[in-house]
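Position 1 is the first residue of the sequence; numbering continues from there. Small disclaimer: the values here were computed from a predicted structure and weren't measured.
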Amino acid sequence: MGWATTYIQRLAAGETVQFRPVGNSMSGRVESGQLCTVEPLSDPGILAVGDIVLCKVRGREYLHLIKAVRNGQYQIGNNRGGVNGWVTARAIFGRCVRVEP
């Protein structure tokens, strides 16, 4: 069970979730402790480069960026130049729609 497991379960049930992630990997887009609102992903067709998504890459949970899209796959990474890997839409559970202090 990872830090986002409960949020992922709620997103899968159709709920919008809010949480305050801790860490610096998304500095400049999401600062540590800011309130993030994430909506369930109902249509993967809306995903685009630059979106912040709640996802799993190789079993680890991230609130990170879509850095590239190719052939129905999404490259996930942080805002500091790091890349986590490629996933399909099945590994993306929600899209961040708001970041607040």
Using side-chain heavy atoms (C-beta onward) and a distance below 4.5 Å, is Pro40 in contact with Thr16? yes
Is a side-chain N or O of Lys67 found less than 3.5 angstrom from the main chain of Asn78, in a donor-acceptor match? yes
To the closest 0.5 Å, what do you measure between NZ (Lys56) and CD1 (Ile76)? 14.0 Å
Answer yes if Val83 and Ile92 sit in the same cluster of Ile, Leu, Val, Met, Phe, Trp and Tyr residues linked by side chain heavy atoms under 4.5 Å apart, and no otherwise. no
Minimum-distance pair of heavy atoms, taken over all atoms of Gln34 and Glu31: OE1-N, 2.8 Å
Does Ile46 share a hydrophobic cluster with Val97, counting links as ILVMFWY side-chain heavy atoms below 4.5 Å and allowing steps through other members? no
Residues Asp51 and Leu47: closest non-hydrogen pair is OD2-CA, 3.5 Å
Distance check, rounded to the nearest 0.5 Å: Glu61 atom CD versus Asn84 atom CG? 12.5 Å
Just how far is it from atom CD of Gln75 to atom NE2 of His64, taken to the nearest 0.5 Å? 12.5 Å
Can a side-chain donor-acceptor contact be found between Thr37 and Gln18 if the only test is distance below 3.5 angstrom? yes
What distance do Leu35 atom CG and Arg20 atom CZ have between them, rounded to the nearest 0.5 Å? 4.5 Å
To the nearest 0.5 Å, what is the distance between OH on Tyr74 and SG on Cys55? 12.0 Å
List the steps, then state whether side-chain contact (heavy atoms from CB on, under 4.5 Å) holds for Val53 with Ile66. CA-CA 7 Å; Val53 294; Ile66 294 177; 3.9 Å; yes
Other cluster members, Tyr7 - Ile/Leu/Val/Met/Phe/Trp/Tyr, side-chain contacts below 4.5 Å: Trp3, Ile8, Leu11, Val17, Phe19, Met26, Val30, Val38, Ile52, Leu54, Leu63, Leu65, Phe93, Val99
